[in-house]
Amino acid sequence: MCDEAEAEDLWLDVVKRTSSWPTIAAAAVAWSVWLDLNLYDRLTWIGLIMAAAILRARGLTGLPLAAGFKQSKFPPQGWEGAAEKLEGFCQVLEEALVLAHKDLDRLILARELMSRVTARTRSNSKLPDLVELFLSRPLVTVPLRAKLLKVTPKAVDLMLVQLGGALPRELTGRTRYRAWGIV
């Protein structure tokens with residue numbers, strides 16, 4: 001068995017050799033080789049992160065492969081052949097796509113709800129910018145909003161009141177240092 005540095009070099013060589021392959025095939029082979037080389041015994045999930053990085057580097061958006069792996073029925077045992085590993089990667093990818101679709105549906109619904117409120121605002125209102133901030137970030141705090149929108153924290157509080165029932169979920173459960181997000 002080779003040491004970790006040699007195994008990493010072997011894996012990088014495979015990634016370079018598959019650079020002209022279709023994106024999903026290259027990511028699947030990279031993950032399969034990661035499992036074959038047994039890189040970082042207790043950190044097998046890093047292989048999925050590396051496969052997701054290959055997908056992202058080639059233009060596919062960040063799919064939640066690690067979450068898809070948790071949802072899939074494929075636990076790599078080490079005895080699988082290449083075909084089983086590639087099939088397992090396809091299962092992981094399918095579950096990741098289902099999760100990403102659910103997230104997208106949730107964001108679309110949130111945008112529709114908040115756009116109903118912003119449709120009644122003035123043309124110089126910062127409320128549409130606040131909505132875009134909610135949709136672009138997983139977690140939004142009052143100081144962050146105030147800084148990015150260039151308004152005072154009090155103005156942010158007033159905009160939150162304006163959103164009313166369309167306001168995203170408050171995540172902290174506190175009265176101070178609150179954060180919101182679309183989950």
> Run the ring pair (Phe, Tyr, Trp, His ring centres under 6.0 Å) test against W180 and tell me which residues pass, sequence neighbours left out.
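Once residues adjacent in sequence are excluded, W180 has no partner under the ring pair (Phe, Tyr, Trp, His ring centres under 6.0 Å) criterion.
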> Do you know the tightest heavy-atom contact between A30 and W11?
O-NE1, 2.8 Å
> Going by side-chain heavy atoms closer than 4.5 Å, which hydrophobic residues are tied to V161, directly or by a chain of links?
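Direct or chained contacts put V161 with none.
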> Share the residues that join L158 in a hydrophobic cluster, the rule being Ile, Leu, Val, Met, Phe, Trp or Tyr side chains under 4.5 Å apart at the heavy-atom level.
none
> Does anything in residues 57-67 pair up under salt bridge (charged side-chain N to carboxylate O under 4.0 Å, His left out), and if so which pairs, sequence neighbours excluded?
none
> So if you build clusters from Ile, Leu, Val, Met, Phe, Trp, Tyr with side-chain heavy-atom gaps below 4.5 Å, do L171 and L163 land together?
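No, no single cluster joins them.
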> To which residues is V98 joined in a hydrophobic cluster, defined by side-chain heavy-atom contacts under 4.5 Å among Ile, Leu, Val, Met, Phe, Trp and Tyr, whether direct or through other members?
none
> List the residues meeting ring pair (Phe, Tyr, Trp, His ring centres under 6.0 Å) with F89, not counting sequence neighbours, and say none if there are none.
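Once residues adjacent in sequence are excluded, the partners of F89 under the ring pair (Phe, Tyr, Trp, His ring centres under 6.0 Å) criterion are W31.
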> When you compare the side chain of R178 with that of D157, does any pair of heavy atoms fall below 4.5 Å?
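Yes, at least one pair of side-chain atoms sits under 4.5 Å.
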> Does the side chain of R145 reach to within under 4.5 Å of the side chain of F134, using non-hydrogen atoms?
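Yes, at least one pair of side-chain atoms sits under 4.5 Å.
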> Is there a path from I46 to L12 through hydrophobic residues (I, L, V, M, F, W, Y) whose side chains come within less than 4.5 Å of each other?
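Yes, one cluster joins them.
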> Decide whether V142 and L148 are clustered together by the hydrophobic rule: side chain heavy atoms of Ile, Leu, Val, Met, Phe, Trp, Tyr closer than 4.5 Å, transitively.
yes
> Donor-acceptor check, side chain of T152 to backbone of A155, threshold 3.5 angstrom: yes or no?
yes
> Could you give the distance from CG (L97) to CG (L65), rounded to the nearest 0.5 Å?
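Going from the CG atom of L97 to the CG atom of L65 covers 8.5 Å.
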> Mind listing the closest non-hydrogen atom pair of S72 and V92 along with its distance?
OG-CG2, 3.6 Å
> List the atom of A96, the atom of P64, and the distance in Å for their closest heavy-atom pair.
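So the two residues come closest at CB-O, 3.5 Å.
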> Is there a path of hydrophobic side-chain contacts, each under 4.5 Å between heavy atoms, that joins L130 and L109?
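No, because L130 and L109 fall into different hydrophobic clusters, even though each may have its own neighbours under 4.5 Å.
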> Do L113 and V140 share a hydrophobic cluster, counting only Ile, Leu, Val, Met, Phe, Trp and Tyr and linking them when any side-chain heavy atoms are less than 4.5 Å apart?
no
> My understanding is that only residues two or more places apart in sequence, or in another chain, count here; which of them pass side-chain hydrogen bond (donor to acceptor under 3.5 Å, both in side chains) with D9?
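By the side-chain hydrogen bond (donor to acceptor under 3.5 Å, both in side chains) rule, D9 matches no residue at all.
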> Tell me every residue that passes side-chain hydrogen bond (donor to acceptor under 3.5 Å, both in side chains) with R106, counting only those two or more places apart in sequence or in another chain.
D103
> Going by side-chain hydrogen bond (donor to acceptor under 3.5 Å, both in side chains), name the residues that satisfy it together with R17, two or more places apart in sequence or in a different chain.
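Only D13 meet the side-chain hydrogen bond (donor to acceptor under 3.5 Å, both in side chains) criterion with R17.
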> Report the residues that fulfil side-chain contact (heavy atoms from CB on, under 4.5 Å) with E132, sequence neighbours left out, ordered by chain and then residue number.
R111, L135
> Given W21 and V29, is the side-chain contact (heavy atoms from CB on, under 4.5 Å) satisfied, shown in steps?
CA-CA 10 Å; W21 290 20; V29 168; 3.4 Å; yes
> Quick one: does I54's side chain get under 4.5 Å of V15's, heavy atoms only?
yes
> Using side-chain hydrogen bond (donor to acceptor under 3.5 Å, both in side chains) as the criterion, list what pairs up with E170, not counting sequence neighbours.
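Here the qualifying residues are T172.
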> For V117 and A166, work out which heavy atoms get closest and say how close.
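The pair with the smallest heavy-atom distance is CG2-CB, 4.0 Å.
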> Checking L37 against V14 for the side-chain contact (heavy atoms from CB on, under 4.5 Å) test, could you report, in this order, the C-alpha distance in whole Å, the side-chain angles of both residues, the deciding distance, and whether it holds?
CA-CA 11 Å; L37 293 174; V14 168; over 6 Å; no
> For S32 and L86, work out which heavy atoms get closest and say how close.
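In this case the closest contact between S32 and L86 is CB-CD2, 4.3 Å.
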> Assess whether side-chain contact (heavy atoms from CB on, under 4.5 Å) is satisfied between M159 and L149, documenting all intermediate values.
CA-CA 11 Å; M159 284 189 271; L149 296 176; 4.0 Å; yes
> State, to 0.1 Å, how close I182 and P168 come at their nearest heavy-atom pair, and which atoms those are.
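Taking every non-hydrogen atom into account, CG1-CB, 3.9 Å.
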> What residue pairs, at least two apart or across chains, pass side-chain hydrogen bond (donor to acceptor under 3.5 Å, both in side chains) with a residue in residues 118-130?
none
> Would you say the side chain of L139 lies within less than 4.5 Å of the side chain of L144, judging by non-hydrogen atoms?
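No, their side chains stay 4.5 Å or more apart.
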